[in-house]
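Read the structure below first, then the notes.
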Amino acid sequence: MSRIRIYVPGDAAAVAVGADEVAAAIEAAAGRGKTAVEIVRNGSRGLHWLEPMVEVATSKGRIGYGPVGVSDVESILKAAAADGADHALRLGRPEDIPYLKTQTRLTFARCGIVDPRSLDDYRAHGGYRGLEKALAVPPAAIVDEVTQSGLRGRGGAGFPTGIKWKTVQQTAADRKYIVCNADEGDSGTFADRMIMEGDPFVLIEGMTIAGIAVGATKGYVYIRSEYPHAIAAMNAAIAAARKAGRLGAKVAGSAYAFDVEVRVGAGAYVCGEETSLLDSLEGKRGQVRAKPPLPAHRGLFGKPTVINNVLSLATVPIILDKGAAFYKDFGMGRSRGTMPIQLAGNVKYPGLYEAAFGVTLGELVDDIGGGTATGRPVRAVQVGGPLGAYFPRALFDTPFDYEAFAAKDGLIGHGGVVVFDDSVDMAKQARFAMEFCAIESCGKCTPCRVGSTRGVEVIDRIAAGKDRAANTALLEDLCHTMKFGSLCALGGFTPYPVMSALIHFPEDFGAPPRLEAAE
Amino acid sequence: MATRAPWDIDIARAIIVERQAVPGALLPILHALQEEFGYIDREAEPLIAGILNISRAEVHGVVTFYHDFRHKPAGRHVLKLCRAESCQARGGDALAARAQARLGVTLGDTTADGQVSLEPVYCLGLCSVSPAAMLDDKVVARLDDKKLDALLAEAAR
């Protein structure tokens with residue numbers, strides 16, 4: 001009998017709910033039953049309520065089972081041996097599950113499918129086709145393609161990636177750098193982690209293309225220390241790419257040199273801000289730099305530097321492979337292409353949902369996410385991480401789009417959506433936003449460093465009912481100062497969660513409720 | 001948790017010298033020292049400053065800026081509880097209160113017997129399986145009282 005190939009995700013989210021134990025149990029059970037199995041530790045498909053989701057290669061394609069516990073392993077192995085037979089946990093083909101079927105997977109095309117340790121598997125699934133296209137054209141044409149695609153910074157700022165690249169390309173220097181921002185600190189986001197753990201070669205390919213385009217020979221991936229699995233996966237992939245000649249003095253046999261190195265953060269949220277990340281990479285305190293100069297002119301070690309988020313760089317290979325027009329065809333308004341949206345918090349179907357821009361918040365939370373996991377009504381949704389606004393149901397018609405969210409005093413940020421049920425205390429959430437800013441402030445500018453501490457105190461006074469009207473006015477004034485006076489988005493955006501809580505949920509601050517907020 | 005070597009200035013010097021030529025060497029050096037000894041000894045700061053030819057104040061500034069670096073050893077086990085929004089939405093506050101009550105410490109402290117350090121962490125990227133925690137190098141999610149108690153029992157061993 002031939003070996004049965006079984007996929008057990010090695011993604012940290014799957015591991016955190018028992019995937020390693022399941023993989024060990026499969027191995028043990030197979031040994032006892034003299035069944036020959038080959039276990040592949042793939043990334044996650046992103047259907048996280050089903051994790052650990054085990055897949056079996058059958059004559060009908062891959063068949064999923066989940067969520068699998070150690071006690072299910074024996075019976076699932078029997079079903080697997082019978083070519084993916086029926087079982088209480090059988091999910092059928094993962095691609096047919098509506099959550100996955102209705103997605104547009106471009107950045108995440110391979111995540112959960114391939115073996116993240118295998119360069120051969122990567123190439124067998126379309127990997128390195130983007131680089132081949134890039135090597136066939138002059139560097140300026142690569143930059144044009146990325147510009148034409150409409151790709152914007154997926155870290156949250158939404159700055160056009162091609163414009164950034166062009167600036168670096170046109171700045172003369174003896175050395176230039178590509179820096180990948182993998183300091184994914186926003187609560188509710190995990191897409192960078194999933195890419196690094198599930199499809200690390202796509203990030204290496206994207207960085208390599210960026211290096212060739214702008215004339216950089218060295219790339220750094222700055223990964224937060226809270227992501228040990230991603231660090232290990234990236235290091236392994238970089239070693240494999242070097243061994244295969246895909247990184248090094250002659251990238252894929254071309255005249256271009258490019259290499260990548262992983263650097264590990266040390267638990268500072270502010271290092272997700274691009275200039276403080278650069279200072280951290282240089283071995284300094286991760287403090288924000290004043291701009292100008294832009295990193296594109298004077299970045300890492302004073303040299304022209306492209307600094308992009310993981311998702312931006314991981315999207316570059318498919319743009320080069322399929323062309324700018326293909327990518328640009330998805331989306332709405334000035335938000336082109338797709339966004340890997342992350343559903344988290346109190347939601348029934350949490351996970352990764354990549355879709356073209358334009359899907360509404362209500363569709364994401366109610367239809368795709370299935371409402372809350374607790375079964376209670378959804379009260380607030382924080383979009384875009386700890387610096388994102390809290391939206392009430394009244395704003396659920398907002399389409400996922402950079403401009404549409406900005407028009408409602410919110411932001412899409414890195415695409416994190418955290419759902420709260422009606423047990424949430426919004427004054428407490430507003431206080432937390434200020435408290436978090438106080439803990440994580442780099443200390444360089446006063447509005448952020450001092451304002452956040454004063455903000456906690458003012459919210460405490462409002463919550464205690466002391467001079468409510470005067471203190472609410474003071475909080476609004478403080479938020480105004482922080483928004484317009486801070487050096488970076490940490491102090492500048494902390495007012496979003498605070499003010500949105502105050503405006504949309506005034507009853508939690510002891511004021512009468514807003515009429516439109518009450519449905 | 002791996003047992004760490006006691007502070008040894010000669011080993012520390014070798015670790016620093018090995019990495020001194022790396023561009024932006026300070027963070028890689030501090031990570032390597034903490035990996036070896038479990039913390040950054042005060043003696044390490046002037047040593048690094050001398051080898052990298054930067055001021056002691058610069059080194060001290062970096063060590064104290066980052067939450068990861070410690071000036072004294074942690075407990076034998078480190079339990080990090082995620083305290084960020086997604087985990088808050090799934091009952092993280094109650095779990096943090098329970099862990100603090102069981103261990104008799106507040107977040108950020110180590111138990112008197114040096115067994116467990118209980119620390120807050122702001123996001124482990126496990127938001128789709130909240131609430132989440134990390135015991136030493138092991139990630140655990142979909143925490144509830146029962147799973148938390150099991151983690152605490154493991155940390156007590």
Side-chain angles (χ1 to χ4, degrees), chain A residues 12-17 46 48-49 51 184-190 192-194 224-230 263-269 280-287 300-301 342-347 350-352 373-374 382 385-386 416 418-421 424 429 432 436 439-440 442, chain B residues 19 22-32 34-35 40 48 52 54 58-70 80 82-93 108 119-134 136-143 147:
Chain A
V15 169
V17 293
H48 288 158
W49 73 97
E51 292 290 0
E184 184 177 52
D186 287 358
S187 174
T189 66
F190 41 84
D192 296 353
R193 183 184 60 68
M194 283 181 68
R224 57 202 301 263
S225 61
E226 293 86 346
Y227 280 5
H229 300 81
R263 284 293 172 91
V264 180
Y269 175 77
S280 182
L281 263 181
E282 291 181 3
K284 301 172 187 161
R285 291 161 68 88
Q287 286 193 307
L300 186 63
F301 303 117
Q342 299 128 81
L343 296 175
N346 192 343
V347 63
L352 185 113
T374 46
Q382 188 178 29
V418 178
V419 181
F420 292 81
D421 71 12
V424 68
Q429 296 310 120
F432 175 75
F436 183 71
I439 295 169
E440 298 296 338
C442 83
Chain B
R19 292 165 179 80
V22 170
L26 191 45
L27 259 70
I29 286 172
L30 293 172
H31 275 305
Q34 186 150 302
E35 178 66 29
I40 309 293
I48 296 169
L52 294 188
I54 54 179
E58 277 176 89
V59 179
H60 185 70
V62 170
V63 173
T64 52
F65 181 86
Y66 296 95
H67 298 304
D68 281 4
F69 300 129
R70 335 168 169 273
K80 292 181 177 175
C82 178
R83 302 293 299 117
E85 288 89 342
S86 179
C87 290
Q88 290 169 14
R90 297 305 312 269
D93 290 356
E119 296 182 348
V121 60
Y122 295 95
C123 200
L124 293 165
L126 304 172
C127 322
S128 53
V129 283
S130 288
M134 198 164 172
D136 301 329
D137 296 328
K138 192 175 88 170
V139 284
V140 187
R142 288 185 198 142
L143 277 183
K147 272 180 138 177

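Letters A, B, ... are given to chains in the order of the sequence lines, protein chains preceding strands, and every chain is numbered from 1.
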| field | Proximal component of Phe432(A), with respect to chain B [non-hydrogen, under 4.5 Å] | value | side chain

| query | Cys123(B) versus Phe190(A): any side-chain heavy-atom pair under 4.5 Å? | reply | no

| request: Give, for atom CD of Gln429(A) and atom CD of Gln88(B), the distance between the pair rounded to the nearest 0.5 Å. | output: 5.0 Å

| note | CD (Glu58(B)) and NZ (Lys284(A)) are apart, to the nearest 0.5 Å, by 8.5 Å

| Do any N or O atoms from the side chain of Arg263(A) and from the backbone of Leu27(B) form a donor-acceptor pair under 3.5 angstrom? | no

| task | Using a cut-off of under 4.5 Å on heavy-atom pairs, state which of Ser225(A), Gly286(A), Gly385(A) scores highest against chain B. | result | Gly286(A)

| task | For residues Tyr122(B) and Phe436(A), establish whether the separation of their ring centroids is below 6.0 Å. | result | yes

| message | Once salt bridge (Lys or Arg N to Asp or Glu O under 4.0 Å) is applied, do any residues pair with Lys147(B), and if so which ones, sequence neighbours excluded? | response | none

| Engaged part of Val424(A) at the chain B interface, taking heavy atoms whose separation is under 4.5 Å | neither

| message | Any side-chain to backbone donor/acceptor pair from Ser187(A) onto Ser86(B)? Under 3.5 Å, distance only. | response | yes

| query | Any side-chain heavy atom of Pro386(A) sitting closer than 4.5 Å to one from Glu85(B)? | reply | yes

| field | Greatest number of heavy atom pairs closer than 4.5 Å to chain A - which of Asp93(B), Leu30(B), Leu52(B), Ile54(B) | value | Asp93(B)

| request: Any chance you could measure Phe65(B), atom CZ, to Ser280(A), atom OG, to the nearest 0.5 Å? | output: 8.0 Å

| Choice from Val419(A), Val418(A), Thr374(A), Val17(A) maximising heavy atom contacts with chain B below 4.5 Å | Val17(A)

| query | Given a strict heavy-atom distance threshold of 4.5 Å, which part of Ile439(A) is in contact with chain B: side chain, backbone, both, or neither? | reply | both

| said: Nearest 0.5 angstrom please: Leu343(A) CG to Cys127(B) SG, how far? | reply: 11.5 Å

| remark: When the 4.5 angstrom heavy-atom criterion is applied to Asp192(A) and chain B, the contacting part is neither

| field | Sub-4.5 Å side-chain heavy-atom contact between Glu226(A) and Val121(B) | value | yes

| said: So, taking the atom named CG in Leu126(B) and the one named NE2 in His48(A), what distance separates them when rounded to the nearest 0.5 Å? | reply: 9.5 Å

| request: Only counting residues at least two apart or in another chain, list the ones meeting side chain to side chain donor-acceptor pair (under 3.5 Å) with Arg224(A). | output: none

| How many angstroms lie between atom CZ of Arg90(B) and atom CG of Asp421(A), to the nearest 0.5 angstrom? | 9.0 Å

| task | Take His31(B) and Val264(A) through the side-chain contact (heavy atoms from CB on, under 4.5 Å) test and state the conclusion after the steps. | result | CA-CA 8 Å; His31(B) 275 305; Val264(A) 180; 4.0 Å; yes

| query | Which answer fits Glu184(A), side chain, backbone, both or neither, if we ask what part of it has an atom under 4.5 Å from a heavy atom of chain B? | reply | neither

